[in-house]
Amino acid sequence: MARASFLIVALFLGCLSFASAQSLKGSVTPASEVEAATLTKVTDATPIASEDAVQLESKPSSDAPTTMEGVVSFALIFLIPAGGIYAMLKLKEKGWEGAFTMICALILFAWVYTAWMALGSHQLVHH
């Protein structure tokens, strides 16, 4: 029974991909019909980048991974899973109340984080 279901799914996906390919046929202009692009000669008078782009590029990046934020994020890679495992083991003893507490805490943390980011308060910490 499982093999028959697998074959039916494979046949369906094959027909779907064939139908998708047929609907795309002719929707793209062949390369032989595309007009030749006109080349632009670059001289000293040709602006290459706007003044804003040059100014933006010349500013040092404050989000470099060598800042303290990089160290904290690296530490959190290990601390967050360890804290989650510890919380799950402690809350497992409480049955459904532990699971309910864990779910509510995750929703609360997500809500507080998105509210913090939406209000722009995170910029007060970094600058």
Side-chain angles (χ1 to χ4, degrees):
M1 182 66 183
R3 186 176 293 185
S5 298
F6 177 75
L7 290 174
I8 290 173
V9 169
L11 180 65
F12 174 74
L13 291 176
C15 292
L16 181 68
S17 64
F18 183 74
S20 298
Q22 287 297 321
S23 67
L24 291 176
K25 188 176 181 182
S27 64
V28 178
T29 307
S32 60
E33 296 177 11
V34 176
E35 297 178 16
T38 59
L39 297 176
T40 304
K41 292 188 178 187
V42 178
T43 61
D44 290 337
T46 306
I48 295 183
S50 67
E51 300 292 327
D52 295 332
V54 172
Q55 183 182 9
L56 183 63
E57 184 64 29
S58 64
K59 289 183 180 178
S61 176
S62 63
D63 295 329
T66 57
T67 61
M68 191 59 186
E69 292 173 351
V71 175
V72 170
S73 63
F74 186 74
L76 288 176
I77 288 173
F78 300 105
L79 293 177
I80 295 294
I85 291 171
Y86 176 77
M88 284 189 282
L89 289 174
K90 284 296 183 185
L91 293 173
K92 184 177 181 180
E93 301 167 357
K94 299 183 187 221
W96 72 269
E97 293 171 348
F100 179 75
T101 304
M102 184 75 150
I103 292 168
C104 289
L106 289 173
I107 292 171
L108 176 68
F109 291 147
W111 187 86
V112 168
Y113 174 77
T114 54
W116 178 268
M117 291 305 218
L119 293 174
S121 302
H122 65 286
Q123 294 176 355
L124 297 175
V125 175
H126 298 298
H127 300 286

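The analysis underlying the following values was restricted to heavy atoms, covering all of them including side chains, and did not include hydrogens, waters or symmetry mates.
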Which pairs would a plain distance check flag for residues 71-84, meaning a side-chain donor or acceptor within less than 3.5 Å of a matching protein atom at least two apart in sequence or in another chain?
residue, atom, partner, partner atom, Å
Ser73, OG, Glu69, O, 3.1
Ser73, OG, Gly70, O, 2.9

Mind listing the side-chain donor-acceptor pairs of residues 7-14 below 3.5 Å, one per line with the distance, residues two or more places apart or on another chain?
none

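Counting side-chain heavy-atom gaps under 4.5 Å among Ile, Leu, Val, Met, Phe, Trp and Tyr, the cluster of Ile103 also holds Ile107.
Sorted pairs that involve residues 94-114 and meet ring pair (Phe, Tyr, Trp, His ring centres under 6.0 Å), not counting sequence neighbours, are lacking altogether.
Every residue two or more places apart in sequence or in another chain that forms a side chain to side chain contact (heavy atoms under 4.5 Å, CB included) with Ile85 is listed here: Met88, Leu89.
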